[in-house]
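In what follows, every chain begins at residue 1, and chains take the letters A, B, ... in the order their sequences are listed.
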Number of protein chains: 2
Amino acid sequence: VQNISIGNYLLERLAQLGVTSMFGVPGDFNLGFLDLVEDHSKIEWIGNCNELNAAYAADGYARVKEHSIGVVTTTFGVGELSATNGIAGAFSEMVPVLHIVGTPTTVQQRAKPILHHTLGDGRYEAYGLAAAQFSIFQANLKDKNTAASLIDRALTECIKLARPVYVTLPMDMVTQEISSERLKVPLSRSPPPNDQSTEEFVVDLIAERVKEAEGDVVVIVDACVIRHDVRKETLDFLKKTGFPVYATPMGKTAINEDYERYGGIYIGTITHPDIKKKVEQAKLIISIGGLQSDFNTGNFSYKIPTLRHIELHSTHTKVQYATFAGVEMKQLLPKLGEALKGLHSLVRKFEVPPFIKALPKEDTPVISQLWFWPRLSYFFKPKDVIVTETGTSNFGILEVPLPAESVLVSQILWGSIGWSVGSCLGAALAARDVGLGRVILFVGDGSLQLTVQEISPMLRLGLKPIIFVLNNSGYTIEKFIHGKKRKYNNIANWKYAELLNVFSEDDKHKSYTVRTKDELSSLLDDKAFASANQIQLVEVIMDPLDAPRALKVQTELSAKSDPYKERK
Amino acid sequence: VQNISIGNYLLERLAQLGVTSMFGVPGDFNLGFLDLVEDHSKIEWIGNCNELNAAYAADGYARVKEHSIGVVTTTFGVGELSATNGIAGAFSEMVPVLHIVGTPTTVQQRAKPILHHTLGDGRYEAYGLAAAQFSIFQANLKDKNTAASLIDRALTECIKLARPVYVTLPMDMVTQEISSERLKVPLSRSPPPNDQSTEEFVVDLIAERVKEAEGDVVVIVDACVIRHDVRKETLDFLKKTGFPVYATPMGKTAINEDYERYGGIYIGTITHPDIKKKVEQAKLIISIGGLQSDFNTGNFSYKIPTLRHIELHSTHTKVQYATFAGVEMKQLLPKLGEALKGLHSLVRKFEVPPFIKALPKEDTPVISQLWFWPRLSYFFKPKDVIVTETGTSNFGILEVPLPAESVLVSQILWGSIGWSVGSCLGAALAARDVGLGRVILFVGDGSLQLTVQEISPMLRLGLKPIIFVLNNSGYTIEKFIHGKKRKYNNIANWKYAELLNVFSEDDKHKSYTVRTKDELSSLLDDKAFASANQIQLVEVIMDPLDAPRALKVQTELSAKSDPYKERK
Ligand SMILES: Cc1ncc(C[n+]2csc(CCOP(=O)(O)OP(=O)(O)O)c2C)c(N)n1
Ligand SMILES: Cc1ncc(C[n+]2csc(CCOP(=O)(O)OP(=O)(O)O)c2C)c(N)n1
Ligand SMILES: [Mg+2]
Ligand SMILES: [Mg+2]
């Protein structure tokens with residue numbers, strides 16, 4: 001039996017999972033582990049500018065690199081706590097992220113001296129207790145006899161449940177040798193099998209309901225189709241049955257938006273009226289991987305009665321009022337497809353409104369939100385990775401169809417601004433790995449200011465995203481929610497088009513400021529620009545009080561419950 | 001009885017405590033409260049670029065504005081969790097910071113819908129549970145009958161114990177009216193009185209020990225003299241007794257460094273040999289406000305036997321081996337001074353080595369750490385506020401005396417890099433309030449990259465710090481600890497001298513890059529520069545493997561216990 005250090009055991013497991021980039025920031029308590037990372041042939045150390053950004057990057061990496069995970073390594077206390085919000089976001093949005101924290105030696109963990117990065121009161125356990133709120137599993141690798149199995153357990157939980165896990169690696173454990181035997185058996189990612197008889201019962205039940213609906217059935221794909229890895233099963237199911245399909249905001253691009261039976265975005269009251277009618281008037285609605293958060297449902301405004309609703313989830317199935325525990329969708333979908341495929345010709349009679357590009361005509365040269373997103377839809381190409389941010393861009397992107405095989409990355413439930421910049425870095429590295437195309441970021445001026453430095457590693461690593469900075473002089477989304485004329489919703493106006501230059505050591509970058517439709521259009525039509533063979537930043541000047549349609553409606557809905565209405 | 005809204009009650013209490021600036025970032029769940037802040041006549045809303053930086057700023061503000069507190073306001077989940085590391089640092093370093101979090105309405109807190117910024121699983125309590133690790137008191141203002149007393153309790157704990165408190169303000173509570181009656185009684189900050197008979201016993205005991213020592217006594221002032229507000233009492237005590245006094249790194253500037261009986265910095269093995277002998281060979285050593293963390297003690301290398309050691313703390317007193325609970329220093333010091341003043345002439349016979357400026361001669365034009373700090377010591381003026389960062393600057397500043405009434409702000413126990421930039425913003429606002437002079441920041445290139453955007457609010461607010469960026473191409477302190485030749489300790493080389501321009505909307509700022517001693521010297525001698533009448537940034541090019549003496553010795557000490565020695 002060969003031996004391997006604990007640090008390298010962990011790295012080998014990560015390499016087996018396809019991890020090629022590790023994010024994080026060095027610190028006194030993780031430097032020895034970073035030696036192993038730097039020396040590892042398959043994993044590259046991506047030094048981030050700070051730990052929150054590193055966690056965001058790990059999150060973006062995991063989202064784009066399916067079947068792998070994101071990894072962020074930080075140092076005891078100061079480093080790990082800086083990442084808290086990023087990890088909590090991965091928890092909320094179900095993204096598999098491993099957080100490795102370099103900690104004091106096992107001896108120090110027992111003696112608890114007042115080391116730097118401690119609270120000064122000996123509470124060495126405090127950070128883990130805080131992290132426990134945002135991770136599904138924690139392991140402190142303080143014993144070489146259990147280290148390998150704890151690592152395996154942590155990674156298995158991470159990939160199966162698609163949530164963050166937290167592993168602390170004491171300085172004195174990094175190079176301790178253990179057996180490498182377990183590495184021969186790859187980690188399993190298959191969910192526990194559905195109970196066969198319950199599953200059969202559910203398939204029959206759903207088939208009955210579908211028959212009763214006489215083919216008038218629509219499918220809604222949502223977040224968990226992406227997060228719980230059932231894209232393929234869902235598409236097979238749709239093709240077999242012929243059901244019309246719509247996506248929620250968080251489910252956008254779960255199914256290629258050029259799929260012939262795809263009809264666009266369903267988001268409750270905010271939905272375009274044609275689509276809304278099609279969805280809500282169907283006799284039966286099958287939701288796959290549903291996640292009903294406020295911004296994903298038009299403020300909980302679904303008009304789908306339980307009696308007409310079937311929900312497939314990663315842990316259970318709901319048919320009308322009945323819940324069937326332990327029947328999960330990845331195994332259920334193929335069987336359901338088989339059972340329903342006979343209805344295909346009946347189903348095809350129900351038409352799906354096409355979701356197509358259309359550029360509105362406007363007389364002014366000003367770049368309006370109404371015009372911007374459709375204009376961009378002519379710029380997007382298959383395999384583009386599109387990252388959008390909380391604010392106008394998360395809503396604007398909903399208005400337009402995206403090309404086949406393109407991937408939309410956004411954080412609609414957690415909604416932490418600044419996330420998109422770190423996430424874009426991770427997404428760009430993952431995109432390179434999996435053969436996706438251009439990486440295109442849309443970030444508001446307000447959001448960019450939180451995490452702007454993470455553009456620096458993009459430059460250092462030679463990544464080539466196109467970064468659209470929507471400069472509307474402040475927190476426009478907040479202005480629509482409350483405080484339209486308040487100073488607190490305004491921000492400093494940076495020289496965004498000079499950022500790449502400040503962060504770079506060469507001139508392999510290009511920046512633009514566009515103020516008119518024509519300026520933007522010629523830029524987008526420029527082949528050199530579109531080829532994205534260097535990193536580019538486009539500052540887009542927009543009106544502070546302009547917002548995409550969906551955002552306006554959403555904020556009108558939530559304004560109804562604004563407890564400070566009278567003040568504004 | 002007059003009524004007042006809960007939000008305004010809180011603001012009035014803050015105004016009573018002298019709070020003039022509130023830090024933070026807007027978010028959907030705090031906008032209504034921000035209306036009240038923006039409309040308040042005494043408190044200014046300082047919109048920060050992100051929440052971690054805002055927490056750092058609140059920390060810096062509280063450090064400089066004695067008898068007040070720092071306040072940071074964030075939004076539910078995403079905002080508050082981003083501030084975690086900043087709040088934990090304030091906990092560790094005993095800085096009074098109030099964290100106000102705008103949360104969903106009390107109705108939502110009961111119904112727990114999947115709102116944005118939630119974990120998606122209804123655990124609304126998760127953020128408070130995490131925050132509990134880093135705050136001494138928490139209050140959720142969900143009931144108007146208890147809101148005022150909870151606010152008072154939170155603020156009282158905050159000012160008495162000098163640690164963070166956490167207050168959540170649900171959206172629907174902000175404008176609810178309560179009685180303003182309690183506002184007539186100011187919050188008390190006096191500690192509970194010492195038990196009189198124990199105190200008398202302790203005074204006698206210490207007097208006896210001092211007499212036995214025949215006047216051969218030294219005092220060491222440390223962190224808690226500053227944090228627990230006994231600067232004045234300590235100075236009175238020193239003047240009455242005539243005892244020689246030394247400071248630890250965290251106690252630096254607790255006593256003016258031009259005080260005639262002040263001898264410089266004591267830091268265990270790292271201490272200059274002359275000082276070390278004076279301190280360690282004294283017959284009795286009285287520590288005031290001691291905090292024995294690794295970096296504050298030369299890696300726990302004090303050579304002070306318990307038998308010769310007396311420690312005065314904010315909660316207890318130690319005389320040799322005996323602990324006297326409930327005898328705290330603020331009340332004890334004046335009595336002790338009275339009891340010992342008779343020894344003054346005897347004590348004065350013991351000389352104190354002067355701690356004076358001296359510029360070493362070096363032949364090379366390169367700006368070395370050995371030369372840089374003494375050179376700067378000729379630039380400092382009384383009432384300067386000097387902020388240093390974890391890295392070479394925290395150690396370099398120890399080597400030189402600072403002028404009378406200058407204030408040193410550093411974070412030696414917690415040691416979170418990037419802190420100094422946010423802290424500098426808060427310090428600058430506080431300095432303006434209390435009539436201190438120039439604000440001078442020393443920040444490493446590595447540290448600056450974590451929080452660089454917080455320079456933006458300095459520009460927006462017209463603050464005029466002098467920012468020295470020590471550009472030594474990476475994480476020099478880490479290189480000395482481990483991994484001298486490792487890539488992970490290198491960073492991207494930004495165009496630091498262009499940062500102010502990128503963040504600014506006007507040309508009221510100036511930047512410089514200096515590469516030689518002469519260049520730096522002429523800049524420092526330039527009256528316009530020294531007058532600091534606009535914000536200025538000086539990029540100082542230094543050698544990647546140069547470090548102040550104290551850092552070299554410190555890292556040699558800790559390298560002895562580096563578990564990865566063999567790898568480097
Ligand atoms: C970390 C964090 N802090 C604060 C918020 C509250 N917030 C949500 S959107 C927003 C404004 C975003 O502004 P910008 O990026 O400029 O978007 P746009 O102007 O396009 O709406 C703010 C402050 C948040 N979601 N996350
Ligand atoms: C938030 C945080 N992340 C990481 C660390 C670990 N760390 C301590 S010092 C340091 C390097 C600082 O580099 P720089 O500011 O350039 O200082 P210098 O080169 O002058 O030593 C790092 C990464 C930390 N203390 N805090
Ligand atoms: Mg904006
Ligand atoms: Mg440096």
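Using a 4.5 Å cut-off between heavy atoms, A:I412 contacts chain B through its backbone alone, with no side-chain atom that close. The contact between B:F29 and chain A is made entirely by backbone atoms, counting heavy-atom distances below 4.5 Å. Of the atoms belonging to B:V174, it is side-chain heavy atoms, and not backbone ones, that fall under 4.5 Å from chain A. Looking at A:S504, the atoms closer than 4.5 Å to chain B (heavy atoms on both sides) sit in the backbone and in the side chain alike. The parts of A:F503 that come within reach of chain B are both its backbone and its side chain, each placing non-hydrogen atoms under 4.5 angstrom from that chain. Residue contact with chain B, scored on non-hydrogen atoms closer than 4.5 Å, involves the backbone and the side chain of A:T118 alike. Heavy atoms closer than 4.5 Å to chain A are found nowhere in B:T297, neither backbone nor side chain. Both the backbone and the side chain of B:S82 come within contact range of chain A, judged by heavy atoms closer than 4.5 Å. For B:Y488, the parts lying near chain A are the backbone and the side chain together; criterion is any non-hydrogen pair under 4.5 Å. The contact between B:V25 and chain A is made entirely by side chain atoms (from C-beta outward), counting heavy-atom distances below 4.5 Å.
Residue pairs satisfying the salt bridge (Lys or Arg N to Asp or Glu O under 4.0 Å) criterion with at least one member in residues 124-134 of chain B, sequence neighbours excluded, are absent.
With rounding to the nearest 0.5 Å, the separation of CG in A:L129 from CZ in B:F134 is 8.5 Å.
Your options are B:T84, B:T451, B:L31, B:L291, and the one with the most heavy-atom pairs under 4.5 Å with chain A is B:L31. Taking chain B as the reference chain and counting heavy-atom pairs below 4.5 Å, the highest number among A:N50, A:V78, A:V452, A:L34 is found for A:V78.
Between B:L81 and the choices A:N85, A:L52, A:L81, the side chain to side chain contact (heavy atoms under 4.5 Å, CB included) rule is met once, by A:N85.
Of residues 87-94 of chain A, those residues lying under 4.5 Å from chain B by any heavy-atom pair are A:A88, A:F91, A:S92. Heavy-atom proximity under 4.5 angstrom to chain B picks out A:A492, A:N493, A:W494, A:K495, A:E498, A:L499, A:N501 from residues 492-501 of chain A.
Not counting sequence neighbours, the partners of A:H116 by the side-chain hydrogen bond (donor to acceptor under 3.5 Å, both in side chains) test are A:D28, B:D294.
Between B:D35 and A:R486 the shortest side-chain heavy-atom distance falls below 4.5 Å. Residues A:R460 and B:I491 fail the side-chain proximity criterion, which asks for heavy atoms closer than 4.5 Å.
Contact between A:G27 and B:E478 at its shortest, heavy atoms only, is CA-OE2, 3.2 Å.
Between A:H117 and B:W414, the angle of the ring planes goes over 60°, which puts this pair in the perpendicular group of the 30/60° scheme.
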